[in-house]
S.K.: 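One structure follows; several queries about it will come next.
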Amino acid sequence: MDKQTEFVLRTIEERDIRFVRLWFTDVLGTLKSVAVAPAELEGAFAEGLGFDGSAIEGFARVYESDMLAKPDPSTFAILPWRAESPGVARMFCDILMPDGSPSYADPRYVLKRALSRAAEMGFTFYTHPEVEFYLLKEPPGQGPPEPIDHYGYFDNSPQSVGYDFRRQAITMLEAMGISVEFSHHEGGPGQQEIDLRYADALTTADNLMTFRTVIKEVAIEQGVYATFMPKPFRDSPGSGMHTHVSLFEGDRNAFYEPGAPFQLSRIAGSFIAGVLRHAPEMTAVTNQWVNSYKRLAGGAEAPAMICWGHNNRSALVRVPMYKPAKGNSTRVEFRSLDSACNPYLAFAVILSAGLKGIEEGYELPPGAEDDVWSLTPAERRALGMHPLPGSLNQAIQAMEGSELVAETLGEHVFDFFLRNKQAEWEEYRRQVNAWELERYLPTL
């Protein structure tokens, strides 16, 4: 038994933990949970806990349903919102087949495969997400959504629900070992942002799944409702998850080159070029919902065109202002991600696209220094800018022919994901919405 496993079992006994929730996600990024008694944990660490994989979205067909959830002791944390005794803890799991081999349907394994490929090239992949979400007065189904306030970007609102909410949420996150860099009120009414400190991509993805659970739990406790829906209000900003990424070779930032333009190394330039070239085919993964494209079409700081720029918040990839004395802080920011994506799959395709650029020596195209939204379509074409997919249907079509995304996700996840998204698009296409009724019913 390794030291981490021993630590978990000892802590459970010392802290009177009676329930341990084993967490994992389905292909769409929905968190799943099964609670086990502490007495079952030693066997779960050794052999995994059996469950019916056919009941989980995208995991298995009925005739191949047996699967194992094997807890990762390094992810052990006590749930602070269940502080009363007896306590409750959680661990993330790796999903295995009955013979102990990794399940190709496990999103966590998809990311692990991509990280292994980066490691073979000598790189560690770090990510730092800025997570936006809305707080609403009532849960869905109780009338039109209403934000908890009407404050704006960085507003210091006295006795505000949002201020108290962020304070309690951050306290809970830090109690679970998740470091927060800063938080503030975002641009939309009731919209919040909490930024997590950078970590390796697998840790960040686990932290994001925990983050969404913590936010929902704190909202329930405070009598409000939290949503990560990309675009809940037509005339307010959408909720994105701008994510800063970098590659390290040991302790050295592979994106940093002193004296180069913007301090960016050739590796960084090729990584950005890879992300730009493969952006259309991975957009269905980074923006996986019909509603995601309402955000991308909304202007403001949501990118719709494939370009990069230095400190340009309208570009798909932004190079933040560098700090000459801090080479290790050199990074690039991928801005189309929304906070409702499956982070395991999203980080995997971003990394794979960047590594492809490095392997193939892609050349970085000229950067965009203008506000992309202020340019006319003709000006964008003249600058060689191409649009991101404008709908889930366009994104599906781009993904269908992608060797890079197919290899990254694996055949099982790739096929299931496409089938599920096609079904979502077909269902959406048949809807008659309020806009159509209001516009056409009186005149047609």
Side-chain angles (χ1 to χ4, degrees), residues 1-12 15 17-60 64-79 81-82 87-116 176-178 199-214 216-217 341-348 409-410 412-413 416-417:
M1 188 183 299
D2 61 37
K3 289 183 179 180
Q4 284 183 326
T5 303
E6 287 179 359
F7 170 78
V8 170
L9 295 174
R10 186 172 67 251
T11 303
I12 285 171
R15 299 287 295 272
I17 304 298
R18 299 284 179 86
F19 302 95
V20 180
R21 294 181 184 172
L22 304 185
W23 284 3
F24 58 96
T25 67
D26 67 14
V27 172
L28 299 179
T30 303
L31 187 66
K32 302 294 180 179
S33 175
V34 57
V36 298
E40 304 299 318
L41 263 189
E42 203 163 330
F45 280 130
E47 301 173 358
L49 182 77
F51 72 99
D52 179 5
S54 66
I56 307 297
E57 195 81 75
F59 264 33
E64 55 183 22
S65 59
D66 292 338
M67 289 190 167
L68 300 168
K70 190 171 184 181
D72 179 347
S74 70
T75 65
F76 176 82
I78 296 170
L79 301 184
W81 62 89
R82 301 301 304 270
V88 180
R90 74 93 164 97
M91 279 180 284
F92 282 96
C93 292
D94 292 310
I95 306 303
L96 309 178
M97 302 303 289
D99 64 1
S101 62
S103 166
Y104 286 92
D106 180 11
R108 204 166 186 259
Y109 181 59
V110 169
L111 178 55
K112 281 186 169 184
R113 278 203 318 267
L115 293 172
S116 294
M176 296 186 73
I178 298 173
D200 68 273
L202 183 63
T203 299
T204 305
D206 288 343
N207 287 348
L208 284 167
M209 297 308 300
T210 304
F211 178 96
R212 295 202 293 227
T213 301
V214 167
K216 296 273 188 181
E217 291 283 353
C341 70
N342 181 334
Y344 300 101
L345 302 186
F347 290 163
L409 300 186
H412 182 100
V413 173
F416 172 82
F417 192 92

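Each residue takes its place number in the sequence, starting with 1.
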S.K.: Run the side chain to side chain contact (heavy atoms under 4.5 Å, CB included) test on Ile78 and Ile17 for me, step by step, so that the C-alpha distance in whole Å, both residues' side-chain angles and the decisive distance to 0.1 Å come before the verdict.
M.R.: CA-CA 8 Å; Ile78 296 170; Ile17 304 298; 4.0 Å; yes
S.K.: Using the ring-ring contact (aromatic ring centres under 6.0 Å, His included) criterion, which residues pair with Phe92? Sequence neighbours excluded.
M.R.: Trp23
S.K.: Can you check whether Leu345 reaches Leu409 side chain to side chain, under 4.5 Å on heavy atoms?
M.R.: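 In short, these two side chains touch, coming nearer than 4.5 Å.
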S.K.: Test of understanding: with salt bridge (charged side-chain N to carboxylate O under 4.0 Å, His left out), list the residues that count as partners of Arg108, not counting sequence neighbours.
M.R.: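 Result, salt bridge (charged side-chain N to carboxylate O under 4.0 Å, His left out) vs Arg108: Asp72, Asp94, Asp206.
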S.K.: Considering residues at least two apart in sequence or located in another chain, which fulfil the side-chain contact (heavy atoms from CB on, under 4.5 Å) criterion with Ala35?
M.R.: Arg21
S.K.: Taking all non-hydrogen atoms of both residues, which atom of Met209 and which atom of Gly29 are closest, and how far apart?
M.R.: CE-O, 3.2 Å
S.K.: List in chain and number order the residues that pass side-chain hydrogen bond (donor to acceptor under 3.5 Å, both in side chains) with Ser101, two or more places apart in sequence or in another chain; answer none if no residue qualifies.
M.R.: Asp99
S.K.: Considering non-hydrogen atoms only, spot the tightest contact between Val413 and Val27 and give its length.
M.R.: CG1-CG1, 3.8 Å
S.K.: Got a sec, which residues hit salt bridge (charged side-chain N to carboxylate O under 4.0 Å, His left out) with Arg18, two or more places apart in sequence or on another chain?
M.R.: Asp16
S.K.: How close do Leu22 and Cys93 get, heavy atom to heavy atom, and via which atoms?
M.R.: CB-SG, 3.4 Å
S.K.: Which pair of heavy atoms, one from Arg113 and one from Gly410, lies closest together, and at what distance?
M.R.: NH2-N, 3.4 Å
S.K.: Thr203: what forms a side-chain hydrogen bond (donor to acceptor under 3.5 Å, both in side chains) with it, not counting sequence neighbours?
M.R.: Asp200
S.K.: Please round to the nearest 0.5 Å and tell me the distance separating atom CZ of Arg90 and atom OG1 of Thr210.
M.R.: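 OG1 of Thr210 is found 3.5 Å from CZ of Arg90.
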S.K.: Considering all heavy atoms of both residues, which atom of Glu40 and which atom of Val36 are nearest to each other, and what is their separation?
M.R.: CB-CB, 4.4 Å
S.K.: Would you call Phe51 and Ile95 a side-chain contact if the rule is heavy atoms closer than 4.5 Å?
M.R.: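 Side chain of Phe51 against side chain of Ile95, heavy atoms only: contact under 4.5 Å found.
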S.K.: Enter the distance from Asp26:CG to Leu31:CG here, rounded to the nearest 0.5 Å.
M.R.: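 With rounding to 0.5 Å, CG (Asp26) is 9.0 Å from CG (Leu31).
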S.K.: Mind checking ring-ring contact (aromatic ring centres under 6.0 Å, His included) for Phe76 and listing every partner two or more places apart, or none if nothing turns up?
M.R.: none
S.K.: Can you confirm whether more than 12 heavy atoms, excluding those of Glu47, are under 6.0 Å from its CD atom?
M.R.: no
S.K.: Does the side chain of Phe347 come within less than 4.5 Å of Leu208's, by heavy atoms?
M.R.: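 In short, these two side chains touch, coming nearer than 4.5 Å.
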S.K.: Nearest 0.5 Å please: distance from the CZ atom of Phe7 over to the CD1 atom of Ile12.
M.R.: 10.0 Å
S.K.: Mind checking whether Trp81 and Val214 have side chains closer than 4.5 Å, heavy atoms only?
M.R.: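 Yes, side chains in contact.
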S.K.: Sequence neighbours left out, what passes salt bridge (charged side-chain N to carboxylate O under 4.0 Å, His left out) with Lys70? Give chain and number order.
M.R.: none
S.K.: According to side-chain contact (heavy atoms from CB on, under 4.5 Å), who are the partners of Phe45, at least two apart in sequence or on a separate chain?
M.R.: Thr5, Val8, Leu9, Leu41, Pro71, Pro73, Met91
S.K.: Sequence neighbours left out, what passes side-chain contact (heavy atoms from CB on, under 4.5 Å) with Leu115? Give chain and number order.
M.R.: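 Once residues adjacent in sequence are excluded, the partners of Leu115 under the side-chain contact (heavy atoms from CB on, under 4.5 Å) criterion are Leu111, Phe125, Ala201, Leu202, Leu351.
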S.K.: Locate the shortest heavy-atom distance separating Ala348 from Val110; write the atom from each residue and the value.
M.R.: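 Looks like CB-CG1, 4.0 Å.
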